[in-house]
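Reading through the structure tokens given below for one structure.
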Amino acid sequence: MKHLIIGGVAGGATAAARIRRADESAEIILIEKGKYISYANCGLPYYIGGVIAERNKLFVQTAERFGRRFNIDVRTENEAIIIDPKSKKVTVRRKDRTEYAETYDKLLLSPGSIPVRPPLKGIDAEGIFTLRNVEDTDAIKAYLDRHHIKRAVVVGGGFIGLEMAENLYKTGAQVSIVEMANQVMAPVDFSIASHVHRHLMDKGVDLYLERGVEHFEKTANGLKVFFGNGESIEADIVVLSIGVRPATKLATDSGIELGERGIKVNNYLETSAKDVYAVGDAIEFTHPLTEQPWLNYLANPANRQGRIAADNMVFGNKYEYEGAIGTSIAKVFDITVASTGLPAKRLKQSGIDYRSSITTSLAHAGYYPGAFQLTTKLTFAPQTGKLFGAQCVGHDGVDKRIDQLSLIIKHGGTIYDLIELEHAYAPPFSSAKDPIAIAGYTASNILNGSMPVVTWRELKEIDRTHTLLIDVRSREEYELGAIEGTINIPLDEVRPRISEIPKDKDIVFICAVGLRGYLAQRILMGLGYRRVRNLSGGYKTYELATQTITLREERLVTVDSSNRPKPPRIRQIDACGLQCPGPIMKLKQAMDKLTAGECIEVVATDAGFPGDARAWCRSTGNKLVSHYDENGYHTVVFEKGTDEKPTSADCRGSRNKTLIMFSDDLDRAIATFVLANGAVATGHKVSIFFTFWGLNVIKKERKPAVRKDFFGRMFGRMLPSNSKKLKLSQMSMFGIGDRLIRYIMRKKHIDSLEELCRQALDNGVEFIACQMTMEMMGIAKEELIDSVSVGGVATYMERAENANVNLFI
């Protein structure tokens, strides 16, 4: 039996070796158009970054050694250009462009995939690369050796893109990632990708999300990358990681049937041509969960397919391929991100009803050193609890959990199987309640109705007029940051303060990760409350998912450990394994014992600690000296300040301005925005607090339909519906004066009220709507223009205390 294999990486090489083990007498020919076979494709970025120091370690087998060991005729730099299935012949082109024909009894196609390289202007300029094979790697490595790279741009935020970003960072370059989507890492949901966004920013990587590259230019200083929105950034090297597509040209040219996405195969991995099989990146196969054809660009399924196809080529079609659910994992600097099965966004696209849960637990016992948080998201069927997908992110233990979850999903298991899993437990490896068990318990509570939840997206859009948001974290946690419009009732005070919680409103409980919110929820439900929900994933998930993506110069960047400062008289505190507010509480207790000028160093594993530390310093008058992180350990150095908290007296030199917009008169509104734009243009920070009639100024012209009570509807009919309906305080004359003033403004090329308002927002003026008057007048946040935040008197007073001008208009 003569077996011909086209493609010598992953599936092809696996199949060749398997055929030999099954049939010692078979003739096996392996054709590979590149120079190398069976190399570690996934290791290429790490060789560029120097993590893999020796190039030859990338090669699992050389062509010569592989051919000798398995008695296989390996022909590199030979390209198959056409297949004739009827005569069972393949035309092959050598490196020197000469051609020959090769026959076969059984044929395997493993052509892989090819990188997407769009026809953009300037894309062929020197210094712009793709990374898909050893030749690409050698070219990038040589370019890095010849040039001093200060600025690197990676286009594409997928697995290879992020790995390249990390390894270019290791060369000392300032790295920027450009991604057309609103998140990196497409296999995971936005809430999980947000962890990666935060970590990349902490590392000093610039993220340009929702930007498409329009063209490239070669300049005297290197390269310039232009976005479709007109922005541009400079680079010394650009690596394209936009994606790949299946290499189907050979199959198409040979008349082999394609499916919707790639080469079509049956359950035995045989193509439409008899005795021709196909495996790897180029084939489409039915997804076990969606029952729709899909492409799976992963090495593990390709190797499994190669083994099954080999057995069917030798023994006949006896072994069926079960399909792959897409289990993937990536190291992104110090964190690990993994996914298996279907995320929420894929389920939505497929029209599959689902529920989801987010839990955060320590990867192993908190009292054992090096305990890091691990966040798990599950998607599951609302009736049966069948597990659809899972995602994990953390510093430790992600790989173990995702493999267990993958096995359960692939075998049609449910969330209840997670509870029944028997985990090996010892403090260095897990907890008595493993993160997977916690995820299973949480999901089952959602399904059985004992924990109704609201997601972070739903909370963003929730009708605040009919909902009370209660944050049950400690006061210390609440002061470090909270969702706007919440009230703070710590968990242990819920029962004594139950009279403050109305039964005629929807209640949403919020805590750090969801546990205390659940406990508060059970208290209320036990007392007869029915409209009670818990924020899934807690404040941690909401805060990450709604964070602002900022560039390096706009944020405090991690200090590299090699430049770690050594302040005098330093004391050290170990807060590892503690979750918020644990590290802050230990910091406060230690800081209380210091005198002004003394320093303290806190080491924590809570990823949110550096942000909490900055907020704590702002509110206490202490100084954050430095922050760096290494391998998931966050080290922050503080200097003791005065014992007094900052007051308005400390801010007398402030150039901030606050304005209270109480009126909805057209002329007063114009004056307000003129003053605000003038102040912000000269470097002042400006906040406008809209209350009572002033809320009419910032209403949308086209408002969504919202449910209102009688008084809300009454106010809606009596008050101006938007800024274009405002009247002058004098000489309105039944609207004639209002139209006249707008005409004069146009005539004299003065911006309209609406343009002035838009300019204020674009220039960074803060718009705050008074929550109390919104509720009283029945105005929902959805009716106000975008970018308006909602706050109360405390919000205004905090701005006013830090301003040197306060105007009431």
Side-chain angles (χ1 to χ4, degrees), residues 2-23 26-44 47 55-83 90-96 99-100 102-115 131-138 244 246-251 254 262-263 265 269 271 276-283 297-311 313-314:
K2 184 177 181 179
H3 300 277
L4 183 60
I5 298 171
I6 298 173
V9 182
T14 295
R18 177 68 176 173
I19 291 170
R20 174 56 69 220
R21 292 194 298 272
D23 185 358
E27 181 184 357
I28 307 171
I29 301 172
L30 190 153
I31 294 173
E32 166 58 46
K33 70 176 179 179
K35 289 184 181 180
Y36 311 100
I37 68 159
S38 196
Y39 57 84
N41 196 299
C42 296
L44 300 180
Y47 170 64
R55 181 177 179 275
N56 60 5
K57 288 187 176 180
L58 293 171
F59 302 98
V60 180
Q61 287 278 10
T62 65
E64 183 181 351
R65 190 167 65 238
F66 184 78
R68 187 169 58 248
R69 171 166 292 183
F70 294 102
N71 187 25
I72 293 172
D73 181 1
V74 180
R75 304 175 188 174
T76 57
E77 299 184 281
N78 277 239
E79 181 182 5
I81 55 176
I82 196 73
I83 302 165
V90 177
T91 302
V92 184
R93 180 178 294 153
R94 301 183 183 90
K95 182 183 177 181
D96 63 6
E99 297 178 1
Y100 65 95
E102 191 62 68
T103 61
Y104 65 86
D105 294 311
K106 302 283 185 177
L107 173 65
L108 177 68
L109 300 178
S110 182
S113 55
I114 53 178
L131 177 62
R132 192 62 186 165
N133 52 38
V134 176
E135 288 85 352
D136 294 338
T137 305
D138 290 340
V244 296
T248 57
K249 185 177 186 303
L250 176 61
S254 305
I263 299 172
V265 295
L269 299 173
T271 69
V276 178
Y277 296 77
V279 298
D281 292 358
I283 72 165
Y297 300 116
L298 295 169
N300 181 286
N303 279 286
R304 173 146 178 74
Q305 292 160 15
R307 183 184 178 94
I308 292 172
D311 285 351
M313 290 166 72
V314 174

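- Judged as a salt bridge (charged side-chain N to carboxylate O under 4.0 Å, His left out), and not counting sequence neighbours, the contacts of Glu77 are Lys95.
- We find the CD1-NZ distance between Ile5 and Lys106 to be 13.0 Å, quoted to the nearest 0.5 Å.
- Nearest heavy-atom pair across Arg18 and Ala310 is CG-CB, 3.5 Å.
- The side chain to side chain donor-acceptor pair (under 3.5 Å) check on Asp73 picks up Arg75, with sequence neighbours excluded.
- Screening Leu107, Val90, Leu4 for a side chain to side chain contact (heavy atoms under 4.5 Å, CB included) with Val276, the sole residue that qualifies is Leu107.
- Residues passing the salt bridge (charged side-chain N to carboxylate O under 4.0 Å, His left out) test with Arg21: none are found, sequence neighbours excluded.
- Distance CZ/Arg94 to CD1/Ile31: 10.5 Å, rounded to 0.5 Å.
- Taking all atoms of both residues into account, the shortest heavy-atom contact from Gly112 to Ala282 is O-CB, 3.5 Å.
- Every salt bridge (charged side-chain N to carboxylate O under 4.0 Å, His left out) that Asp138 has, sequence neighbours left out, goes to Arg55.
- Scanning for ring-ring contact (aromatic ring centres under 6.0 Å, His included) contacts around Phe70 gives Phe66, with sequence neighbours left out.
- At distances below 3.5 Å, not a single donor-acceptor pair connects side-chain atoms of Thr248 with backbone N or O atoms of Ala251.
- Shown here are the side chain to side chain donor-acceptor pair (under 3.5 Å) partners of Ser113, two or more places apart in sequence or in another chain: Arg132, Asp281.
- With sequence neighbours excluded, the residues satisfying ring-ring contact (aromatic ring centres under 6.0 Å, His included) with Tyr36 are Phe59.
- Looking at heavy atoms from C-beta onward, Arg93 lies out of side-chain contact with Thr91 at the 4.5 angstrom threshold.
- Within the structure, the salt bridge (charged side-chain N to carboxylate O under 4.0 Å, His left out) test picks out the following pairs touching residues 301-310 (sequence neighbours left out): Arg304-Glu322.
- Distance check: Ile72 CD1 to Ile19 CD1 gives 8.0 Å after rounding to the nearest 0.5 Å.
- Although no hydrogens or angles enter the test, the distance criterion places a donor-acceptor pair under 3.5 Å between the side chain of Asn78 and the main chain of Thr76.
- At a threshold of 4.5 Å between non-hydrogen side-chain atoms, the residues Glu99 and Val92 do not count as touching.
- The nearest pair of heavy atoms linking Pro246 to Gly262 is CG-CA, 4.4 Å.
- Among all heavy-atom pairs drawn from Gln305 and Ile283, the shortest one is OE1-CD1, 3.6 Å.
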List the steps and the verdict of side chain to side chain contact (heavy atoms under 4.5 Å, CB included) for Leu109 and Val279.
CA-CA 6 Å; Leu109 300 178; Val279 298; over 6 Å; no
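- Applying the side chain to side chain donor-acceptor pair (under 3.5 Å) rule to Arg68 yields no partners; only residues at least two apart in sequence or on another chain are considered.
- Nearest heavy atom pair, residue Ala247 against residue Ile114, reads CB-CG2, 4.3 Å.
- Summarising the geometry, atom NZ belonging to Lys33 is positioned 12.0 Å from atom CD1 belonging to Ile81; distances are rounded to the nearest 0.5 Å.
- Annotation: side chain to side chain donor-acceptor pair (under 3.5 Å) contacts of Asn303 (sequence neighbours excluded): Thr14.
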Side chain to side chain contact (heavy atoms under 4.5 Å, CB included) for Tyr47 and Thr137? Distances and angles first, verdict last.
CA-CA 8 Å; Tyr47 170 64; Thr137 305; 3.5 Å; yes
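- Screening residues 2-11 for side chain to side chain donor-acceptor pair (under 3.5 Å) gives Lys2-Glu102, Lys2-Thr103 as the qualifying pairs, with residues at least two apart or on separate chains.
- Annotation: side chain to side chain contact (heavy atoms under 4.5 Å, CB included) contacts of Leu298 (sequence neighbours excluded): Asn296, Pro301, Ser328.
- Once rounded to the nearest 0.5 Å, the distance linking CD1 of Ile28 with CG of Leu108 reads 11.5 Å.
- In this structure the side chain of Val134 never reaches within 4.5 angstrom of the side chain of Leu58, judged on heavy atoms.
- Using a 4.5 Å heavy-atom threshold, the side chains of Thr271 and Ile263 count as touching.
- By the 4.5 Å heavy-atom criterion applied to side chains, Leu250 and Pro111 are not counted as neighbours.
- Annotation for Val74 and Gly67: closest pair CG2-CA, 3.9 Å, computed over non-hydrogen atoms.
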